[in-house]
There are 2 protein chains.
Amino acid sequence: MPFQLTDESLSFFIEKCKRNKLKITPQRIVIYKELLKSTDHPHAEALHKRIKKIIPGISLDTVNRTLLTFAKIGIVKNVEGYGEPRRYDPKIEKHHHFRCIECNAIIDFEYKPYDDIIVPGDIQNRYFILNRKVLLEGYCDKCGKKR
Amino acid sequence: MPFQLTDESLSFFIEKCKRNKLKITPQRIVIYKELLKSTDHPHAEALHKRIKKIIPGISLDTVNRTLLTFAKIGIVKNVEGYGEPRRYDPKIEKHHHFRCIECNAIIDFEYKPYDDIIVPGDIQNRYFILNRKVLLEGYCDKCGKKR
DNA sequence: CTACTATATAGGAGTTAATCTTAATTGTCA
DNA sequence: TGACAATTAAGATTAACTCCTATATAGTAG
């Protein structure tokens with residue numbers, strides 16, 4: 001079935017914008033619609049290319065800014081690990097990470113039960129899995145105290 | 001106890017370099033040592049700053065290039081913070097990701113058992129956990145076939 | 001120990017993605 | 001409808017690499 005923006009998702013969008021005192025502009029509607037029908041987790045530039053077919057004059061900055069705004073009010077998500085400088089870890093033994101969403105600290109921890117966590121059958125069948133990581137996110141002790 | 005680069009880790013480093021036909025340069029030794037004693041998953045720029053105290057003339061490009069090389073031969077790891085453009089996900093319901101390490105595709109999947117995965121006690125006690133995600137990595141169907 | 005060669009490095013130029021600035025425009029609400 | 005605060009486009013700026021090239025150096029073969 002072809003994608004269709006339901007009244008439901010549009011009113012969810014409008015509702016959320018209003019609640020956050022964001023104006024409903026044509027740019028925002030189109031950006032939201034376009035991301036909503038994307039399954040490839042696009043970056044701003046890719047989305048901008050698609051959106052220009054609908055609003056030719058739209059600037060890349062607007063797409064960027066709008067996506068950040070959407071992420072802030074929680075109607076879209078930022079895919080973990082992207083949009084940040086590359087970071088390196090000297091620890092090559094199997095381990096997992098806790099990441100503070102405030103100060104961006106990454107803390108290593110080991111926990112055997114996570115190492116061989118069961119992979120769902122359909123994923124196991126379709127893809128060749130080399131690595132399983134658990135990422136816990138929240139506030140670290142320092143940032144948690146401040147709040 | 002203060003950090004010390006053991007003979008063991010140095011010979012592991014030398015061994016790995018030789019096996020991969022990499023020259024053992026003073027720059028590489030210092031970069032490896034410096035990353036090895038870092039617990040903050042630094043990015044190249046941060047590491048460059050620390051290393052300049054030891055080799056004042058070292059260029060940022062060398063640090064960058066060397067870290068990538070180290071990651072390629074597997075003596076260090078690239079962690080969240082992949083140095084790639086920010087990507088967005090319209091799916092706000094709880095879900096997890098498979099990521100192809102070849103073509104960088106990200107594929108969503110849902111799997112209830114991951115959603116409330118048990119958090120180790122010491123992590124639970126020290127940090128305020130808001131979110132638990134499992135990241136599976138490997139080759140997608142397309143990239144798997146090519147190999 | 002010396003000479004050779006393939007690598008690696010420094011430094012600067014070039015890119016790409018993201019962010020900021022400013023002036024013009026446009027939703028929103030009285 | 002009008003006023004105003006929010007939003008936009010366009011271009012400048014910044015950040016984080018990445019590429020280029022001339023010089024230097026580690027490994028190794030004699």
Side-chain angles (χ1 to χ4, degrees), chain A residues 10 13-32 34-35 41-73 75-76 78-79 81-88 104, chain B residues 10-11 13-32 34-35 41-73 75-76 78-88 104:
Chain A
L10 194 58
F13 170 72
I14 289 170
E15 160 63 16
K16 274 285 196 171
C17 283
K18 286 196 171 156
R19 192 189 299 274
N20 288 278
K21 300 192 200 312
L22 294 183
K23 292 182 178 171
I24 318 287
T25 67
Q27 290 89 339
R28 283 182 175 159
I29 293 173
V30 172
I31 292 169
Y32 183 69
E34 201 61 34
L35 180 60
H41 310 80
H43 48 262
E45 179 131 12
L47 217 44
H48 180 232
K49 220 174 261 177
R50 296 173 207 170
I51 291 168
K52 269 201 295 192
K53 289 176 189 163
I54 305 164
I55 309 180
I58 197 169
S59 76
L60 175 58
D61 184 53
T62 296
V63 176
N64 253 311
R65 206 174 356 86
T66 302
L67 289 170
L68 281 178
T69 307
F70 286 173
K72 207 174 291 172
I73 67 169
I75 61 175
V76 310
N78 227 297
V79 179
Y82 290 86
E84 287 176 58
R86 209 174 267 128
R87 295 175 71 167
Y88 293 92
N104 226 354
Chain B
L10 194 58
S11 60
F13 169 72
I14 289 170
E15 160 63 17
K16 274 284 196 174
C17 283
K18 286 197 171 156
R19 193 190 298 274
N20 289 278
K21 299 190 199 312
L22 294 183
K23 291 183 177 170
I24 318 285
T25 66
Q27 289 89 339
R28 284 182 174 158
I29 293 173
V30 172
I31 292 169
Y32 182 69
E34 201 60 33
L35 180 59
H41 310 80
H43 49 263
E45 180 131 12
L47 216 45
H48 180 232
K49 218 174 263 177
R50 297 174 206 168
I51 292 169
K52 269 201 294 193
K53 289 177 189 160
I54 305 164
I55 309 181
I58 197 168
S59 74
L60 175 58
D61 185 53
T62 296
V63 177
N64 255 308
R65 205 175 357 86
T66 302
L67 289 170
L68 280 177
T69 306
F70 286 173
K72 206 174 293 170
I73 68 169
I75 60 175
V76 310
N78 190 215
V79 298
E80 299 85 14
Y82 300 123
E84 284 181 59
R86 211 175 265 128
R87 295 175 70 166
Y88 292 92
N104 225 352

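Because the structure is a prediction, the values reported are computed rather than measured. Numbers restart at 1 for each chain; the letters A, B, ... are given by sequence-line order, proteins then strands.
Atom NE2 in H48(B) sits about 16 Å away from atom P in dA15(D), given to the nearest Å. Whole-Å rounding puts the K18(A) NZ to dA6(D) P distance at 17 Å. The CG-P distance, from L60(B) to dG14(C), rounds to 18 Å in whole Å. In this structure, L68(A) places its CG atom 16 Å from C1' of dT8(D), rounding to the nearest Å. Rounded to a whole Å, the NE2 atom of H43(B) is 11 Å from the P atom of dA15(D). Rounded to an integer number of Å, the gap from CG of L67(B) to C1' of dT9(C) is 15 Å. Protein atom NZ of K49(B) is 11 Å distant from nucleotide atom P of dA15(D), rounded to whole Å.
At the phosphate of dT19(C), neither OP1 nor OP2 sits under 4.0 Å from any side-chain N or O atom of R65(A). Phosphate proximity of dA10(C) to Q27(B): present, with a side-chain N or O under 4.0 Å from OP1 or OP2. Contact annotation: R86(A) does not reach the phosphate of dA16(D) (side-chain N/O to OP1 or OP2, under 4.0 Å). OP1 and OP2 of dA10(D) both lie 4.0 Å or more from every side-chain N or O belonging to S59(A). Residue R87(B) has no polar side-chain atom (N or O) positioned under 4.0 Å from OP1 or OP2 of dA17(C). Contact between the side-chain N/O atoms of T25(B) and the OP1/OP2 oxygens of dT9(C) is found at a separation under 4.0 Å.
Nucleic acid contact for P56(B): none, since no nucleic acid atom lies under 4.0 Å from a heavy atom of the residue. Contacts of E45(A) with the nucleic acid, taken as non-hydrogen atoms under 4.0 Å apart, involve only primed sugar atoms and P, OP1 or OP2.
Residues passing the side chain to side chain donor-acceptor pair (under 3.5 Å) test with T25(A), sequence neighbours excluded: none.
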Go through E45(A) and K49(A) one step at a time and tell me if the salt bridge (Lys or Arg N to Asp or Glu O under 4.0 Å) criterion holds.
CA-CA 6 Å; E45(A) 179 131 12; K49(A) 220 174 261 177; 5.5 Å; no

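Distance from the side chain of T62(B) is smallest for dT9(C) among the nucleotides dA8(C), dT9(C), dA16(D). Listed nucleotides: dT18(D), dT7(C), dT26(C). Nearest to the side chain of N64(B): dT18(D). Looking at the side chain of T66(A), the nearest of the listed nucleotides dT28(C), dT8(D), dT18(D) is dT8(D).
Residue-to-nucleotide contacts include a donor-acceptor pair under 3.5 Å from the side chain of D61(A) to the base of dC20(C). Evaluation of atom-type donor-acceptor distances gives no pair under 3.5 Å for the side chain of K21(A) against the base of dA6(D).
Considering NZ of K72(A) and CG of L67(A), their distance stands at 12.5 Å, rounded to 0.5 Å. Distance check, rounded to the nearest 0.5 Å: OG1 of T66(A) to CG of L35(A) gives 11.5 Å.
Relative orientation of the Y32(A) and F70(A) rings is perpendicular, given thresholds of 30° and 60° on the angle between their planes.
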